[in-house]
Amino acid sequence: MKVLVLNGPNLGRLDLRDSNIYGNLDFDGLKSEIVSAGKELGFVCDVRQSDSEVEIISWLHEAADTSTPVVFNPAAFTHYSYAIRDAADMVKAPVIEVHLSNPMSREEFRHTSVITGVANGTIAGFGPDSYRLALLALSRMAN
Ligand code: DQA
């Protein structure tokens with residue numbers, strides 16, 4: 001089964017972000033961890049990243065139109081993009097929200113997620129394993 005793994009702004013530059021928060025993997029490293037974790041569970045992961053709200057919305061429309069499950073790290077859009085929330089709400093296949101860090105233990109503006117209410121679940125704070133755990137949850141939901 002195909003899974004769209006969508007990543008929001010600045011995640012393409014993980015190697016330049018605070019390694020105490022985001023770890024030492026660059027985005028290509030994260031991508032290969034996700035692809036191999038997916039493969040172990042029988043998924044083909046299509047891992048994408050964009051800094052553009054418009055592009056992320058178009059990918060969510062694609063997921064809605066093709067009933068494709070989504071593992072979704074909306075990055076900073078998590079905290080304020082109602083347009084992305086509305087697009088995610090149209091996806092009837094499962095949507096799992098993920099974060100590398102634990103936003104609840106960080107600055108107050110990160111304590112709000114406008115995505116959580118339209119996601120099937122949220123996994124945060126486990127670095128790349130947040131994605132692995134989300135894929136595991138998806139495989140349990142599919143069986
Ligand atoms: C993030 C957390 C967000 O608050 C932040 O804006 C990000 C990354 C995470 O994966 O921990 O860019 O989504």
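What you see is a predicted model; the values in this text were computed from it and never measured. When a ligand or atom number is given, it counts from 1 through the structure's own listing order.
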For Arg17, the ligand 1 atoms whose distance to one of its heavy atoms is below 4.0 Å: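 Matching atoms, with element in brackets: 7 (C), 12 (O).
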Where ligand 1 meets His79 - atom numbers and elements under 4.0 angstrom, heavy-atom basis: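 Ligand 1 atoms under the 4.0 Å threshold to His79: 3 (C), 4 (O).
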Any side-chain donor near an acceptor of the partner, Glu97 and Thr78, under 3.5 Å: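 No pair is found: no donor N or O on one side chain lies under 3.5 Å from an acceptor on the other.
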Donor-acceptor side-chain pairing of Asn7 and Tyr131 below 3.5 angstrom: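 Yes, Tyr131 and Asn7 have a side-chain donor paired with an acceptor closer than 3.5 Å.
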Tell me the protein heavy atom at minimum distance from [atom], and give that distance in Å.
{"atom": "atom 8 (C) of ligand 1", "value": "Tyr22 OH, 3.4 Å"}
{"atom": "atom 11 (O) of ligand 1", "value": "Ser101 OG, 2.6 Å"}
{"atom": "atom 9 (C) of ligand 1", "value": "Leu100 N, 3.4 Å"}

Mutual orientation of the aromatic rings belonging to His99 and His79 [parallel < 30°, tilted 30-60°, perpendicular > 60°]: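 Parallel, since the angle between the ring planes stays under 30°.
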Interatomic spacing from CD in Gln49 to CH2 in Trp59 - rounded to 0.5 Å: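 One finds 7.0 Å between CD of Gln49 and CH2 of Trp59.
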Under 3.5 Å: donor-acceptor pair, side chain of Ser32, backbone of Asp28: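 Yes.
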Ligand 1 N/O within reach of Leu11 N/O, cut-off under 3.5 Å: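 The answer is no, given that Leu11 and ligand 1 share no N or O pair closer than 3.5 Å.
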Heteroatom distance test (Val98, ligand 1): nitrogen or oxygen, under 3.5 angstrom: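 No.
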Shortest reach to atom 5 (C) of ligand 1 by a heavy atom, considering only His99, Arg106, Arg110: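 Going through His99, Arg106, Arg110 one by one, Arg110 has the nearest heavy atom to atom 5 (C) of ligand 1.
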contact_flag Asn73 ligand 1 heavy-atom lt 4.0 Å: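 Within the 4.0 Å threshold, so yes.
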Neighbour count >12 (heavy atoms, 6.0 Å) for atom CZ, Arg13: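 Result for CZ/Arg13: open.
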